[in-house]
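To keep things clear, I will list the structure first and then write my remarks on it.
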Amino acid sequence: DAGVTQSPTHLIKTRGQQVTLRCSPKSGHDTVSWYQQALGQGPQFIFQYYEEEERQRGNFPDRFSGHQFPNYSSELNVNALLLGDSALYLCASSWADRGSSYNEQFFGPGTRLTVL
Amino acid sequence: QKEVEQNSGPLSVPEGAIASLNCTYSDRGSQSFFWYRQYSGKSPELIMSIYSNGDKEDGRFTAQLNKASQYVSLLIRDSQPSDSATYLCAGGGYSTLTFGKGTMLLVSP
């Protein structure tokens with residue numbers, strides 16, 4: 001059973017550049033959430049995609065955007081990178097059950113982004 | 001603003017002891033609660049989910065939820081050095097999860 005996969009593992013960019021991170025959900029899952037985890041902090045919710053639409057968004061600027069493809073995989077794009085964007089970016093997949101508030105999310109290995 | 005609070009630790013326990021990790025949450029609308037384990041440099045791993053008041057046991061782990069007190073806890077019995085990690089508490093509703101900053105657990109041999 002394939003788990004959540006993310007690419008790349010590590011990435012180094014300079015301020016002002018743009019970056020695209022990729023995620024494939026766990027087999028059988030249809031929902032992808034993205035989180036940013038700064039050092040020493042818990043993951044912070046960026047947004048969630050379901051049925052190729054952004055279903056909910058956290059408190060992140062419009063420089064952060066995303067996309068979900070028909071095969072449920074997802075991309076996170078960050079424009080005009082700032083030093084403060086350096087963090088571990090985590091993708092989590094889950095199965096949308098509209099009749100339930102349960103929300104078990106399984107994380108991928110993450111992408112470590114360093115902005116210089 | 002939804003908040004989940006955890007003591008950052010470190011919580012130090014000897015091998016074989018019971019480790020008790022706690023968290024409180026502010027959003028009464030939260031329906032589901034989760035404990036994740038995160039080793040240094042790795043991503044969070046889901047270890048327990050709890051949705052109803054009371055206790056839920058899975059192997060050496062017991063999660064406890066008290067919605068009236070807005071309190072969630074995780075007990076780890078027979079703690080092992082391999083349990084040394086940061087434990088993240090998360091609460092959520094329909095789609096999002098709000099995480100605490102995590103509690104570092106150190107289990108000494």
Side-chain angles (χ1 to χ4, degrees), chain A residues 3-7 9-10 21 23 26 29-51 53-60 68 87-114, chain B residues 1-10 21-53 56 58 63 65 67 72 74 85-104:
Chain A
V4 182
T5 60
Q6 290 187 245
S7 62
T9 306
H10 295 86
L21 311 181
C23 169
K26 183 179 171 70
H29 285 181
D30 58 5
T31 302
V32 173
S33 303
W34 287 93
Y35 293 83
Q36 178 195 66
Q37 187 177 26
L39 205 59
Q41 303 294 314
Q44 296 290 313
F45 175 73
I46 301 175
F47 41 55
Q48 184 179 80
Y49 276 84
Y50 170 67
E51 292 187 336
E53 296 286 335
E54 183 183 289
R55 180 156 77 172
Q56 196 154 347
R57 187 179 183 91
N59 189 25
F60 277 80
Q68 186 179 33
L88 178 66
Y89 287 84
L90 295 162
C91 166
S93 77
S94 55
W95 183 71
D97 181 349
R98 298 185 183 191
S100 169
S101 61
Y102 304 161
N103 189 18
E104 284 192 345
Q105 297 187 13
F106 297 86
F107 284 93
T111 294
R112 175 75 61 185
L113 173 65
T114 302
Chain B
Q1 185 171 351
K2 302 175 184 178
E3 292 185 342
V4 173
E5 300 287 341
Q6 295 182 255
N7 187 321
S8 61
L21 304 160
N22 307 308
C23 107
T24 59
Y25 61 95
S26 64
D27 180 17
R28 287 195 175 273
S30 294
Q31 299 293 316
S32 49
F33 300 88
F34 307 92
W35 285 97
Y36 287 83
R37 177 175 62 198
Q38 186 171 26
Y39 293 112
S40 181
K42 302 296 185 182
S43 64
E45 174 192 7
L46 179 64
I47 56 173
M48 287 290 285
S49 308
I50 187 165
Y51 314 112
S52 304
N53 278 328
K56 178 183 177 183
D58 183 1
L65 173 60
K67 290 187 177 181
V72 191
L74 178 71
T86 295
Y87 288 80
L88 297 163
C89 174
Y94 183 64
S95 57
T96 66
L97 292 181
T98 300
F99 282 83
K101 294 183 178 181
T103 298
M104 181 181 293

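Quick note: numbers below take in every heavy atom, side chains included, and nothing from hydrogens, waters or symmetry partners. These figures come from a predicted structure and were not determined experimentally.
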If I measure from the heavy atoms of chain B, does [X] come under 4.5 Å with its side chain, its backbone, both, or neither?
X	value
A/Q56	side chain
A/Q48	side chain
A/Y35	side chain
A/Q37	side chain

message: If we define contacts as heavy-atom pairs under 4.5 Å, which of B/G41, B/S8, B/S49, B/A90 has the most with chain A?
response: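 Of B/G41, B/S8, B/S49, B/A90, B/S49 has the most heavy-atom pairs under 4.5 Å with chain A.
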
Most chain A-contacting option - heavy-atom pairs closer than 4.5 Å, from B/L97, B/T86, B/L88: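 Result: the option with the highest number of such pairs is B/L97.
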
Discussion item. Do A/H29 and A/F106 have side chains that approach each other closer than 4.5 Å (heavy atoms only, starting at C-beta)?
Written reply: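 Yes, close enough: below the 4.5 Å cut-off.
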
Contact check, side chains of B/I47 and B/Y36, non-hydrogen atoms, under 4.5 Å: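 With C-beta onward as the side chain, the pair stays apart.
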
Using a 3.5 Å distance criterion without hydrogens, assess whether the side chain of [X] forms a donor-acceptor pair with backbone atoms of [Y].
X	Y	answer
B/S43	A/G110	no
A/Q68	A/D30	yes
B/T103	B/G9	no
B/S26	B/E3	yes

Examine whether an atom of B/E45 lies under 4.5 Å from a heavy atom of chain A, and if so say whether it belongs to the side chain, the backbone or both; otherwise answer neither.
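For B/E45, there is no contact with chain A at all, as no heavy atom is under 4.5 Å.
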
Exercise. Quick one: which of A/G42, A/P43, A/G108 has the most heavy-atom pairs under 4.5 Å with chain B, could you say?
Key: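 Most heavy-atom pairs within the cutoff with chain B belong to A/P43.
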
